[in-house]
Asker: 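Okay, handing you the structure first.
Here is the naming used below: chain letters follow the sequence lines, and residue numbers restart at 1 for every chain.
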Amino acid sequence: MDSTLPSGPAVRIEGLDKRYGSFHALRKVNLSVERGERIVICGPSGSGKSTLIRCINRLEEHEGGRITVLGTELNDDVGNIDGIRREVGMVFQHFNLFPHMTVLENCMIAPMIVRKRPRAEAETTARRFLAKVRIPEQAMKFPGQLSGGQQQRVAIARALCMQPQIMLFDEPTSALDPEMIAEVLDVMVTLAAEGMTMICVTHEMGFARRVADRVIFMDGGEIVEEAPPEEFFTSSRNERTRQFLSQVLGH
Amino acid sequence: MVSLLRNQKVRNALLQALYVGSLAAMVLACVMIARRNLAEQGITSGFDFLFKSTGWDVNFSLLPATANDPYWWFFLIGIVNTLFLGTTGLILATIVGTIVGLARTSSNELARLLGRTYVDIFRNIPLILQVFFWYALITHLPTPRAAHEAFGMLLTSRGLYVPVPNVAGIAFAAAILGVIAAIALPLWLGRTSHLSQPFGERVGIQLTAAATALATAAIILALGRLPDLPLIDFPALQGLNLKGGMRIPPEFSALAIAIAIYGGSYIAEIVRGGFKAVGKGQMEAALSLGLSPWRVFTLVRLPLALRAMLPILANQYVWLMKATTMGIAVGFTDFFMIVALTINHSGQTLEVIGILMAGFLAINLSLAAVFNRINKAIALKGNQLRG
Amino acid sequence: MEMVVVAPPAPSRLEDLKRRFFATPLQALLSLISLTIMAFIVWKLLDWAVFSAVFTTTGGPEACQAAAGACWSVIAARWRIILFGLYPFEEQWRSALACVSVVVMTVLSCIPAFWTGRRIALIWGAGTGLYYVLMKGGVLGLPYVGEEAWGGLALTLFIFVTTCLIGFPLAICLALLRRSDLPWISRTTGLIIDGVRSLPLISILFTFAVVLPFALPQWLQGDKLYRVILGSALFFSAYQAEIVRGGMQGVPAGQEEAAMALGMSYWQRIGRIVLPQAMRNALPATINQFVISFKETSLVVIVGFFEILASGNAAYGTGEWRFAYVEVYAFIAFIYFIFVFSLSRYGAYLERRMAVGER
């Protein structure tokens, strides 16, 4: 995939359909994300929001519909899949850092073996992004020696080291203790301010209000509502959205 | 073409076809080459040879055997021998293993040390070396004329001679069944839920059942007694040879002893592991209910430990069954040795290898089936009571 | 910080003994029984092996037969055949050196600093290569000695090492194939693994040594020794594959997903992320498998190889030492014991260390 990209949306999803056995996880989902846009997806558990973003880098295989990422269609072509994964970074709920490597190695491995960057360059990049997520001093430690918040920041740095064009966040703060959520959100806010295309599955409504261009509410495998944050939080039209919001914001 | 190869689904299908296809081709090629080679030696493939007589003899058989018997009969003899040696070894190993394992879990330091030394020594010496050792030891015993005597048994270089009752074969077999019933019946009665009597009465019923079974066995033995002979036939020296009693050949005893000792060291560790798996909490609970240490052991510790060790024990038993193939090292005609001899004499290589695989598959699967049943029967319901 | 240690009054030694071994009548009985058994065995063993034993060859077999104890002179007279088999007498230093190289290699690979795929492969490759050159000769001015003359401990070690060297990579391949998402590949591999595991090793060795030549074209048959090693490696790999697979199951699915999301290819994910973690999980079971397979190398005696057990049989079986079988077997058992015991102790140590690390 070229780094000089064709114009058009970053991600276009049309009529996406996905089942697990008899469970209908996604029903005819349509979504278009522009370059530089920041999307927050929320919804009750089992609503298909994680499945949706995991389809974007093919951690899940979709069954119906089309996904186009950065102008390339995501289909059975192995080259397309590899190309898209290189350009799409992902941060997981449970960090998924590699426990047998140091923080620095975690950040260096993908640029070195996937992008074939020389070691010295990979290390410079890794240190730069570790500094950016504000833990440069932890570079030589192993993930198991860090707190949850620190681990998640390393995970963000690891994804950024591949210098992706799109970042996916799959409930990045759900596994964290309350006092550590802020440090991770801070990093995400900085990232948003720099113009990264971001798709975040999260229940952090404060974050959504502050940075999102659009908030999407999903339920039962469908997009129920899609609106800019001020409209979404103040005057949502849908009953299910209002019920969900009252549960999330209620206390 | 290139773009087709980049398609994930096409790739997957190709990979699978390639893998399965090349394996199948390899096997097919081997079979075809083997058939051609055998045909050159004048050996036609097929299972007709099973009905030809072997022309050679076996040195140990529980079934009547002569050189005129057909091959299929010899295979049966081999399987019976394997099962007999395997079961004997398995029972002996379990006895040894239980004693050593209990010593290893005992509260007494010296007993623990003794058990540990046993396990460390016999686990770390290859089984076949132990087989060779016992076989050499037995064949270096004195000749029948200078035999060692103990409890009516004679120890000689030609084997162990034990006294046997003068009883018809069928009656003897029936009596053995009776003894097994005497052990199994009370256990079965204890398990079935329709025995809702209080504990004391239940034990009474169990004891009665056992006694009845034993008495029946004794009566059958008495009825089957051969006329005009003493009740028990002791082995004795007559001229240069030993007469009377039953000879246990050195091959068999060497294997049985070695399997018992080596297998025992493994089973001891399984027993120890089983007891270790019983949670402290359950034992403390039992003790706090005021049960005596003995009752705690029989009612709580032992049943829970048995459940923990059974799956591992099943694997060990399968292993022990397979270990009987070491019979070939000392010339015991187990299933595998019959297979090897058949290949040598008949040349029906492919068919016999097929029979070998089928035989061991059958032995493995039936053992696994038996243990699965036992396991299911005693498994704790639900997942309460995890150690 | 201040520490106050109040030492309990030291119990007298007698009281201590009483508490430990004679607390209750049952305990006392158990102690007495154990003590008697131990004393009896130790005394008998010492008497046989040391006090009444003959150690020198000066008296020959006759002096031995007269003595009540062990006849260690058989070892003094025959140790070369037990260790080196029929290897030419003047060249036996090579055989000894080859054994040392294998032992050094094994010890080195027990040190955590060498636990990366590349280093282990390098050590084993170098160790086995050195062994092969030393034993076979034909280069560097060493006279050529064919495989048919190899024997004794040296052959046992060779079979063990090559079994592992071939079997280990094969095991990883089998584990990966069985774990594959592609149903035909994983099912077929499962069939192979379970099939091999249901057969006794002896039957596999026999098939490879005796039956396989019928089923292979001339150019593929190779030496009987290498066929048997192949059979033994196949058996090893079927068991080891299940251990490796177990280790892989212990690696959370998120690890592979994270690697996928970073764009790593299948082989990069397996080689860099999954296998290093899986091998660590599988380490104790792997050592146990090594122990078992070292003991099982002794089975090649059945298909007619002159390894340590067969050379032991030959050491006492011919001529004047016929009576001294116990001593010969004890010597071989001792050699096996040293190897197997130290390896299994090491495995137990690792297991404990890892259990502590996980807490």
Asker: Decide, yes or no, whether a salt bridge links C:Glu257 with A:Arg54 under the criterion of side-chain N to carboxylate O below 4.0 Å.
Answerer: yes
Asker: Quick one: are C:Ile229 and C:Phe158 in side-chain contact, heavy atoms under 4.5 Å?
Answerer: yes
Asker: Using heavy-atom distances under 4.5 Å, tell me whether C:Ala259 contacts chain A through its side chain, its backbone, both, or neither.
Answerer: both
Asker: Using a 6.0 Å distance limit plus a 45 degree cone around the ring axis, check whether A:Arg158 lies over the aromatic ring of A:Phe98.
Answerer: yes
Asker: Hey, is the main chain of A:Glu73 close enough, under 3.5 Å, to the side chain of A:Asn80 for a donor-acceptor pair?
Answerer: yes
Asker: Counting only heavy atoms closer than 4.5 Å, note whether A:His100 contacts chain C via side chain, backbone, both or neither.
Answerer: side chain
Asker: Where does A:Phe92 contact chain C at under 4.5 Å (heavy atoms): side chain, backbone, both or neither?
Answerer: side chain
Asker: Tell me, for A:Leu97 versus chain C, whether the close heavy atoms (under 4.5 Å) come from the side chain, the backbone, both or neither.
Answerer: backbone
Asker: Is the closest basic N to carboxylate O distance between A:Arg134 and A:Glu183 below 4.0 Å?
Answerer: no
Asker: Heavy-atom pairs under 4.5 Å with chain C are the metric here; pick the option from A:Ile109, A:Asp82, A:Val88, A:Asn96 that has the most.
Answerer: A:Asn96
